[in-house]
Amino acid sequence: MVILPCIVGPTGAGKTAAALALAAELPCSVINADSRQVYRDFPRITAQPAPDEASQCPHLLYGYLDIEEKLSAGTYARTAASTIEDVVQTKRTPLLVGGTGLYFRALLEGIAPIPHVPPSLASAWQERCNTEGSLALHALLQDIDPSYAAKVHPHDRQRITRALEVWQATGKTFSWWHNQPLPPSSYSVQKVGITLPLAELEKILQNRIDAMLEQGAVAEAQAALTRCDDPTAPGWSGIGCRELYLYCKKEISLEACKTLWLRNTRAYAKRQLTWFMADSHIHWFAPRQKEEAVEMLLRWIQKTKENTDESIHTLK
RNA sequence: GCCGGGGUAGCUCAAUUGGUAGAGCAGGGGACUGAAAAUCCCCGUGUAGGCGGUUCAAUCCCGUCCCCCGGCA
């Protein structure tokens, strides 16, 4: 079993600071579990660890993707799994840090082994959804895969088209795939959450936006724009990125950009909290208690190591 | 000062030919299996700018005052 401490929480709550506090106590390598911090073009706007932070211990899976590259939960899980193996080889402790709930789930609990669906097929279903409407496709899904259709709302275009494309590409329904047994997890996990009440988090997010702007967020967006002028490119979908895109295109004022940016970030933080609060395994701490969080992780790592050693001795 | 247009939910605005009003966004809650910083669901009583009047009944009609936006002086 790989010992895998995790730090989760909404954006801006101080996950990076907590990770560095743990890194100061034992040799570990931070592995990103955030779907936007993977983009090379937006280190600042997506709040990737700054160079002076990243230099304190190895930081992996940050800023390695091109703006036009799409990352899926399945791909993330495979990449992260092999990255964790690499880290274990170096005798360091892998430390998973991020805010994308689905990525944590895909890696830690597994994800249905659905083969890759050709993008052309996926976009054909999206096209059909646009012309025929999601209700018609939901009705179709009802015939093909009633149990999944019952779970997905008739307006949820993204999930309906996904279920249909998987069915067409593989000949099996989406729920059939979901019912396939998953291999047992090879991780021993302890999750620690860092958060604050939304009202307090909002102030931090406001300040963070101002700081990002002072530190060249506009220039960062402008530079990205020269490389890719397509606002539908995956990298542009990050909050802050798309608002700055509109500002750079002179479609909105800087004031409007900041207002939207804060609003959207706040709403996103709330969605993250909804996801993580539903996970009863997370032990929560306020940012000011990060030393306690570190303390807890260290104790857990120590104990888990002892248990593992014991079971090795028993086997002998 | 005069002439228009307007004052309705936190914001932007509808509808009501007189029977006390509803969308989008924001906000609150929730879902989540390869787009997840995505996608989607549920939640709407608000002195209808103030005060009078007409009326069985006024957000709607009339008077008056206040405020905003244009135009004219």
Exercise. Determine the contact category for Gln37(A): base if any of its heavy atoms lies under 4.0 Å from a base atom, sugar-phosphate if only primed atoms, P, OP1 or OP2 are that close, otherwise nothing.
Key: base

Quiz prompt | Gap between atoms CZ and P, on Arg242(A) and A37(B) respectively (whole Å) | solution = 11 Å

Quiz item: When you check the phosphate oxygens OP1 and OP2 of U33(B), does a side-chain N or O of Arg162(A) lie under 4.0 Å from one of them?
Solution: no

Practice problem: Look at the side-chain N and O atoms of Arg271(A) and state whether any lies under 4.0 Å from the OP1 or OP2 oxygen of G28(B). | Solution: no

Practice problem: Ignoring hydrogens and angles, answer whether the base of U39(B) and the side-chain atoms of Arg157(A) contain a donor-acceptor pair closer than 3.5 Å. | Solution: no

Quiz item: Across the strands shown, which category fits Trp177(A) at heavy-atom distances under 4.0 angstrom: base, sugar-phosphate, nothing?
Solution: nothing

Quiz item: If you find the nucleotide of RNA chain B closest to Asn179(A) and the one closest to Thr100(A), which residue's nucleotide is nearer the 5' end?
Solution: Asn179(A)

Quiz prompt | Nucleotide nearest Leu102(A) (side chain, heavy atoms from C-beta), chosen from G34(B), A37(B), G28(B) | solution = G34(B)

Practice problem: Using a heavy-atom cut-off of under 4.0 Å over every strand shown, decide if Leu198(A) touches base, sugar-phosphate, or nothing. | Solution: sugar-phosphate

Quiz item: Taking everything shown except Tyr62(A) itself, do over 12 heavy atoms lie less than 6.0 Å from its OH?
Solution: yes

Quiz item: Under 3.5 Å, side chain of Thr75(A) to main-chain N/O of Leu71(A), donor-acceptor pair present?
Solution: no

Practice problem: Identify, between Gly99(A) and Gly74(A), the residue whose nearest nucleotide on RNA chain B lies closer to the 5' end. | Solution: Gly74(A)

Quiz item: C1' atom, A26(B) versus C11(B): distance in rounded Å?
Solution: 7 Å

Quiz item: Is any side-chain heavy atom of Leu108(A) closer than 4.5 Å to a side-chain heavy atom of Cys6(A)?
Solution: yes

Quiz item: Tell me, what's RNA chain B's dot-bracket, Watson-Crick or G-U with both distances under 3.5 Å, | for other-strand, [ ] crossing?
Solution: (((((((..((((.....[..)))).(((((.......))))).....(((((..]....)))))))))))).

Quiz prompt | Pro115(A) vs Trp177(A) side-chain heavy atoms within contact, under 4.5 Å | solution = yes

Quiz item: From C40(B), A37(B), A35(B), pick the nucleotide closest to the side chain of Gln126(A)?
Solution: A35(B)

Quiz item: Thr265(A) near the nucleic acid: base, sugar-phosphate alone, or nothing, with a heavy-atom cut-off under 4.0 Å?
Solution: nothing

Quiz item: Roughly, in whole Å, what's the span from CH2 in Trp275(A) to P in A38(B)?
Solution: 14 Å

Quiz item: Does Lys258(A) make a cation-pi contact with Trp261(A) (under 6.0 Å, within 45 degrees of the axis)?
Solution: no

Exercise. For His155(A) and C41(B), say yes or no: do the ring centres fall under 5.5 Å of each other while the ring planes differ by less than 30°?
Key: no

Self-check item: Phosphate OP1/OP2 of A31(B) contacted by His153(A) side-chain N/O (<4.0 Å)
Solution: no

Quiz item: So does Tyr103(A) get a side-chain nitrogen or oxygen closer than 4.0 Å to the phosphate oxygens (OP1/OP2) of A36(B)?
Solution: yes

Practice problem: Name the nucleic acid region contacted by Ala106(A), choosing base, sugar-phosphate or nothing; use a 4.0 angstrom heavy-atom cut-off, strictly under. | Solution: nothing

Quiz item: Does G30(B) sit syn or anti, given that only angles within 90° of 0 count as syn?
Solution: anti

Quiz item: If we only count heavy atoms from C-beta on, is the Val30(A) to Leu60(A) side-chain gap below 4.5 Å?
Solution: no

Quiz prompt | Option among Lys15(A), Gln190(A), Lys290(A), Lys191(A) that satisfies the side-chain contact (heavy atoms from CB on, under 4.5 Å) test with Ile7(A) | solution = Lys15(A)

Exercise. Could you check which of G34(B), C32(B), A36(B) has an atom nearest any side-chain atom of Ser35(A)?
Key: A36(B)

Practice problem: When you get a sec, tell me which of A37(B), G27(B), U33(B) is the closest nucleotide to the side chain of Ala267(A)? | Solution: G27(B)

Quiz prompt | Side-chain donor/acceptor contact of Arg159(A) with base of A38(B) under 3.5 Å | solution = yes

Practice problem: For Tyr76(A), answer base if it contacts any base atom (sugar-phosphate contacts may also be present), sugar-phosphate if it contacts only those atoms, and nothing otherwise; contact means non-hydrogen atoms under 4.0 Å. | Solution: nothing

Quiz prompt | Heavy-atom side-chain contact between Val218(A) and Tyr247(A) under 4.5 Å | solution = yes

Practice problem: Please check the phosphate of G29(B) (OP1 and OP2 only) for any side-chain N or O of Lys270(A) closer than 4.0 Å. | Solution: yes

